[in-house]
Visitor: 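Handing you this structure, nothing more for now.
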Amino acid sequence: MSNSMKYAVALAAAMSLTAVSAEAQSGNINAKATVLAPITIAQGAELDFGNVLPGVNKSVAAASGATAGRFDLTGVTGANVNVSFTLPANLASGANTLPIGSWDGCHNTIANQAGCTGFTPSAGTTSANFVAGALYVYVGGTVSPAGLQPAGLYQANVTLNAAYF
Amino acid sequence: MIAPHAIYIDHRTRSTSITLYNPGATSVEIAIASIFAYPVTDSVGQLTLFTPDSLDASMPSAAGWIEAFPKRMLIAPLQRQTVRLLARPPQGLPDGEYWARLVVSAKGGAAPAGEADSDGISIGFNIEIRSILPLTYRKGALKTGLGVSDITSTTAGDSLMVSAKLTRQGTAAYIGTAKGTLLGPDGKAAASFEEPIAVYYEVEPTFALGTAALPAGPYRLRLEFLSERPDISPELLLRAPPLRDSVEVRLP
């Protein structure tokens, strides 16, 4: 974790000031701050399937797809984190549904899919380590629209759980 | 961004606070809850959270009596919010350490989506991110310690995998750091690891040391367990004597 990040969240501070009159030319200030180690989880990139055609499966590969979703996590170097997902089987547009055929995922300690470690996000918990204080989790999948799939905006909820120890 | 990521509450004050910061460009909806869970290790030695299906009296759960104020909030871009955590333990709570996990759920303000038009199919996901953080409530004088046994090592590819059974001693969880150093025949460090550990009851973690460039032969693996963590303020950690052990290993 970088020092700049630590200092960015010097959230609890207590200061004691020596008495300084308005005419003082100089003075002493004793200040102290407690630096609280933070964690961050953010969506680094949206999973984007782009244009989807009726009757044609569309896939985005977690390990190589340019439009794979990405979550950026930070934590203490060397620490273990559990990552799990709650994933939908279908997207919905009003009463219409669009099946999600499969999900896939991979994670890496650098923001690069090359060499990432694959996992199945729909199959329970994945453990990983913050080798250098960061973890990047990529998510992809396959949607399977029907031949007569009605046009529309299809949406679903995706939940990422990250447990720290 | 959440700070701190390890939360401690003392019975004398019965409260603490956490700070949430939204570094993003859109508002975020936050909801805070608590559950009872503690770390165990899985079949490959990775820490994982165990969440009992139901609670019984033997489980030192604080989840039912930790309240967050506010529980729900909207944090605007680049704004921060302080959340106060207040403990309302039951009357006559025995001395001891009680555990919970704080679940901080964050939802983006708007569903990300592709272009929606009358002819095409577009797809969008509503994302929720849940950060699950350890919360420890302490009452009275507590002690912790660690028992280390069953140290084993195996080679797997270009790594040496080291595992040990770690058993908590005393009346509180052992929060600390495991360090390992692989010493060559010349006594110099050839590889090492350093990982935070959390032993609530018993775990059998596995640690990896990279051995790709090391010649075959005998080595000595030195292990050390310290009750300190770089990410947690020392005054919050219960101290225990350092533990050291070493075993002979042979790299193929």
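Treat the numbers as computed from the prediction; the structure is a model and nothing was measured. Convention: sequence-line order gives letters A, B, ...; per-chain numbering from 1. Values reported hereafter were calculated over all heavy atoms of this structure, with side chains retained and with hydrogens, waters and symmetry mates removed.
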Visitor: What part of A:F165 is in contact with chain B, defined as an atom under 4.5 angstrom from a non-hydrogen atom: side chain, backbone, both or neither?
Guide: both

Visitor: Taking atom CG of A:L148 as the centre, does the number of heavy atoms from other residues, nucleotides or ligands within less than 6.0 Å exceed 12?
Guide: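 Check fails, neighbour count at 12 or below.
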
Visitor: Given the options B:E194, B:R229, B:Q46, B:R130, which has more heavy-atom pairs under 4.5 Å with chain A than any of the others?
Guide: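 The option with the most such pairs is B:R130.
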
Visitor: Counting only heavy atoms closer than 4.5 Å, note whether A:V81 contacts chain B via side chain, backbone, both or neither.
Guide: neither

Visitor: Against B:S131, only a single residue in A:L73, A:N161, A:I41, A:L160 fulfils side-chain contact (heavy atoms from CB on, under 4.5 Å); can you say which?
Guide: A:I41

Visitor: Go through B:T48, B:I18, B:T82, B:T177 and name the one with the most non-hydrogen pairs under 4.5 angstrom from chain A.
Guide: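 Most pairs with chain A among the choices: B:T48.
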
Visitor: Rounded to the nearest 0.5 Å, how far apart are CG of B:L47 and OG1 of A:T125?
Guide: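 One finds 12.5 Å between CG of B:L47 and OG1 of A:T125.
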
Visitor: Could you state the interatomic distance from CG (A:N157) to NZ (B:K107), rounded to the nearest 0.5 Å?
Guide: 6.5 Å

Visitor: Sort out for me which of B:L49, B:I197, B:V103, B:D42 touches chain A most, counting heavy-atom pairs under 4.5 Å.
Guide: B:L49

Visitor: For A:A151 versus B:G120, what's the shortest heavy-atom pair and its separation?
Guide: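 Taking A:A151 first and B:G120 second, the nearest heavy atoms are CB-O, 3.1 Å.
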
Visitor: Could you look at A:T159 and say if it's the side chain, the backbone, both or neither that has a heavy atom under 4.5 Å from chain B?
Guide: both

Visitor: I need the B:F125 CZ to A:I100 CD1 distance, nearest 0.5 Å.
Guide: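 Rounded to the nearest 0.5 Å, the CZ-CD1 separation comes out at 4.5 Å.
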
Visitor: If we define contacts as heavy-atom pairs under 4.5 Å, which of A:L91, A:N51, A:T86, A:L53 has the most with chain B?
Guide: A:L91

Visitor: Under a 4.5 Å heavy-atom cut-off, does chain B meet the side chain of A:A163, its backbone, both or neither?
Guide: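 It is both, since atoms from each part get that close.
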
Visitor: Between A:F130 and chain B, which part of the residue has a heavy atom less than 4.5 Å away: side chain, backbone, both or neither?
Guide: neither

Visitor: Are A:P54 and B:I121 packed together at the side-chain level, in the sense that at least one heavy-atom pair is separated by less than 4.5 angstrom?
Guide: yes

Visitor: Using a distance-only test with no angle check, is there a side-chain donor-acceptor pair under 3.5 angstrom linking A:N80 and B:E195?
Guide: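 No pair is found: no donor N or O on one side chain lies under 3.5 Å from an acceptor on the other.
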
Visitor: Could you measure the distance from the OH atom of A:Y164 to the CG atom of B:D231? Nearest 0.5 Å is fine.
Guide: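 Here the interatomic distance stands at 11.0 Å.
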
Visitor: Under 4.5 Å from any heavy atom of chain B, what part of A:L47 do you find: side chain, backbone, both or neither?
Guide: both

